[in-house]
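A short worksheet on the structure shown next.
When reading the values below, keep in mind they use all heavy atoms of this one structure, side chains included, and skip hydrogens, waters and symmetry mates.
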Amino acid sequence: MIARSSRGLFVATILTGSFLLFLVQPMVARIALPRIGGAPAVWNSAMLVYQALLLAGYGYAHGLGRLAVRQQAGVHLALLLLAMLWLPIGVLAWPMPEGIAPEWWVPWLLAASIGPLFVIVSAQAPLLQRWFAAARPDEDPYRLYAASNLGSFAGLIAYPLAVEPLLPVAGQRWLWSAGYVVLVALVAVIATGLPRSGPAAAASEPAARVAATPAGPWRVAHWIALAAVPSGLMLATSTYITTDIVAMPLLWVIPLGVYLLSFTIAFADDRSVADLIVRIAPVTILLFGGVMIGGFSVQPFFGLALAIVLLFMASVALHSALYRLRPAPERLTGFYLAMSVGGAIGGLFAGLVAPALFDWTWEYPILILAAGALVPQVFLAHPVRALWNRGRGLPAFVAVTIVLAALLALRRWGPDALFGEDHTGIVFVTIAIVGLLTVGQRRAYMMVLGTALLLFGGITAIQISLAGTIRTRSYFGVYSVDEQASKRTLAHGTTLHGVQLLGSPAREQTPTTYYVPSSGVGRAMTLAPALYGPESRIGVVGLGTGTLACYAWPGQRWTFFEIDPTMVDLARTRFSFVRTCAPDATITLGDARLSIARAPRGAFDLLALDAFSSDAVPIHLLTREAFADYGRALQPKGLLLVHISNRYLDLSPVVAAAAAAGGWHAIQLVDRPLTREEAGSISHWIALSRDPAAIRQLRGIGTGWVSLAHSPGYSGWSDDYASILPLLHR
């Protein structure tokens, strides 16, 4: 039969299923975002749904293992056909019931919308490997897992690089549905060629070798740990590099892609590459792990490269260890179920627990230590092995302990210059030499790795955390407050988020950074009383430190829309803009677009959209439908100010397209304030109004305003289509 004679058919089917599975999450998020908003509680609950559905899929595959393979294929094919009732894939148009929090409603919505499809597709990889073992008992089915992750990687990069830029959401839904039909057809062809009995008794040489290894509780726990650490490290790497190194759009694709490719190498037929990486991975973890904690603000892309190499080496080594501990094919589905449990644990720790528990990306060094503890190790040379064999390793262990204690003592009580930039290389070389001599002796190796993490940034990070008032964290990132004699600053990762001058009440109430009087929003706020009277209604999307509050006049009604509760707390406790300049301002917590959509028609005279001063872009706030919501919330002569300062994206074509589609008049201003050294920052603001008179009056305040040109052929963003690729700065 075709399925029995062609391994390529199994590979094609697994590739198709994994490709479709990795298109689901970004596609559904893109569809659902305008409706459910971007609040962290909502997406945390969505993440739990995905993990639960994935585990359900692997559990279903494991449960089918009690049946003969032909019966498994029949049940699976029937459920694949039944799940077609949920096509085309999408999010059900259910209205959110009154009085129910979104974080409780969204899981039910997503589970009902994509649950059956997600579960049945996620079961493809373990099921097909089980069938492959029955159809081709002379071959190792685990090699197909490499194909599965290659398909996942293809789906991962295809969505942001090809699917999203080329197709609207409606087209994406039908494309995925067509792929699902192809998947069903491929499974049907395979099912016709499966043997009527279970897997043959004869097993391949690799399978026979691993079959003797019992899968007891400790072995299952080992599987889970080996899967959990790379999964958590992947997410921790994404958070760390976007927090402490470079906040670049689409950067999350790289760690996830490297993580998926590590499976392809670890489960490949050719073991030469995997074995080489396993041998040198402890060295990489040791040399790069400690250095990464210090950050790379001066050379961010060098730090990014080190972080990716570290993740790749650790993931390949740990996944190779999983491969070597794989059970016989008849226990294959249980093995993958344990792996999925480990992946879920690692993802939940790094994605949900750590942001709530830590004030910094502490999960990153914790998982580096865990990788060092689990990665396979052998001595690098025979003389090193002989060194550790003398006296049962006690003399060498004592010598390593003395060197490490001396380094820590010098870091604590020695001259500061010793660990400055001029002498960091000496310390690094010392750690490297001692560390290389410990590879293969895990206890000593872990001592060196832990010391490296402390010396190259860990001690400083601990001191900041113990201070308790310098740094805090939310699901949106890490916020750091730096207070000097003349000013107080707030940084959101690597992005300046606000500055307050100190020394006198006048200085403390002076608008700074992107909001100085010469900025686009500063000029608009100054004009608001003349345009709309002393009781004008001002709305601001994005609270930040609350700097804009110091444009408030007596009698004005101010409303801030802020999605991050941590930012609200910082603005109220660490900065005094809101407290002193607009104490009666309303702060509405939640997704701004959803909140503005619920506002009465004409509720605002001026609305400032300041959600883009960081390099993360909430796409749903810049679609044509979002601008329609802003236009409805503004009075007919109202002003809309949009902040689009960004290091990596030029968002002006998006705003220009939305302005043209919605009948807005638009001008823009790039402000380069003269007082930049102390308080000013370069800013790019766009002003829009459906009343040309309001634009003319704003344009008359100062110079620098220019018309916002529309890019020919560019239609901008909508809830149905958006892509950041055309907007990347060259």
Side-chain angles (χ1 to χ4, degrees), residues 222 225-226 229-230 233 262 265-266 270-294 305-325 365-411 418-419 423-458:
H222 197 183
L226 288 171
V229 172
L233 188 60
S262 71
I265 294 174
D270 185 356
R271 304 305 306 160
S272 57
V273 176
D275 290 344
L276 175 63
I277 291 176
V278 167
R279 187 169 181 83
I280 63 178
V283 179
T284 306
I285 295 171
L286 176 69
L287 297 184
F288 291 0
V291 174
M292 287 308 305
I293 305 306
L306 291 185
I308 296 304
V309 170
L310 173 62
L311 171 64
F312 177 71
M313 302 295 281
S315 297
V316 171
L318 294 172
H319 291 151
S320 294
L322 265 173
Y323 177 79
R324 294 192 177 280
L325 294 175
I366 289 172
L367 288 165
I368 289 175
L369 280 172
L374 290 172
V375 70
Q377 291 189 23
V378 293
F379 291 106
L380 298 180
H382 290 296
V384 177
R385 181 190 297 273
L387 180 68
W388 285 99
N389 285 337
R390 293 176 184 171
R392 296 183 179 179
L394 184 59
F397 190 83
V398 171
V400 169
T401 303
I402 292 173
V403 172
L404 298 180
L407 287 173
L408 289 172
L410 288 171
R411 176 64 177 82
L418 181 63
F419 288 85
H423 298 89
T424 301
I426 298 175
V427 178
F428 176 78
V429 170
T430 304
I431 285 288
I433 293 173
V434 176
L436 292 175
L437 294 175
T438 62
V439 174
Q441 217 294 331
R442 195 174 299 275
R443 285 189 302 166
Y445 173 85
M446 290 301 297
M447 288 174 56
V448 178
L449 179 58
T451 302
L453 291 170
L454 289 172
L455 291 177
F456 294 107

Output the distance between atom [atom1] ([X]) and atom [atom2] ([Y]), rounded to the nearest 0.5 Å.
X: Met313; Y: Leu276; atom1: CE; atom2: CG; answer: 7.0 Å
X: Leu449; Y: Ile431; atom1: CG; atom2: CD1; answer: 9.5 Å
X: Ile368; Y: Leu311; atom1: CD1; atom2: CG; answer: 10.0 Å
X: Met446; Y: Thr451; atom1: CE; atom2: OG1; answer: 10.5 Å
X: Ile402; Y: Phe397; atom1: CD1; atom2: CZ; answer: 11.5 Å
X: Ser315; Y: Leu226; atom1: OG; atom2: CG; answer: 11.5 Å

Ignoring hydrogens and angles, tell me if any N or O in the side chain of [X] forms a donor-acceptor pair with the backbone of [Y] under 3.5 Å.
X: Tyr445; Y: Pro282; result: yes
X: Arg279; Y: Pro376; result: no
X: Arg271; Y: Ala266; result: yes

| said: What I'd like to find out is whether the side chain of Leu318 reaches to under 4.5 Å of the side chain of Leu322, using heavy atoms alone. | reply: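 Not in contact.
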| Do Thr284 and Phe312 come within less than 4.5 Å of each other through their side chains, counting heavy atoms only? | no
Taking every non-hydrogen atom, the tightest pair across [X] and [Y]:
X: Leu374; Y: Ala225; result: CD1-O, 3.8 Å
X: Val229; Y: Ala370; result: CG2-CB, 3.8 Å
X: Ala274; Y: Val316; result: CA-CG1, 4.4 Å
X: Phe428; Y: Phe456; result: CA-CZ, 3.6 Å
X: Ala314; Y: Ile285; result: CB-CD1, 4.1 Å
X: Leu436; Y: Leu286; result: N-CD2, 3.9 Å

| Qualifying residue, where the test is side chain to side chain contact (heavy atoms under 4.5 Å, CB included) with Val448 and the options are Val403, Leu407, Thr438 | Thr438
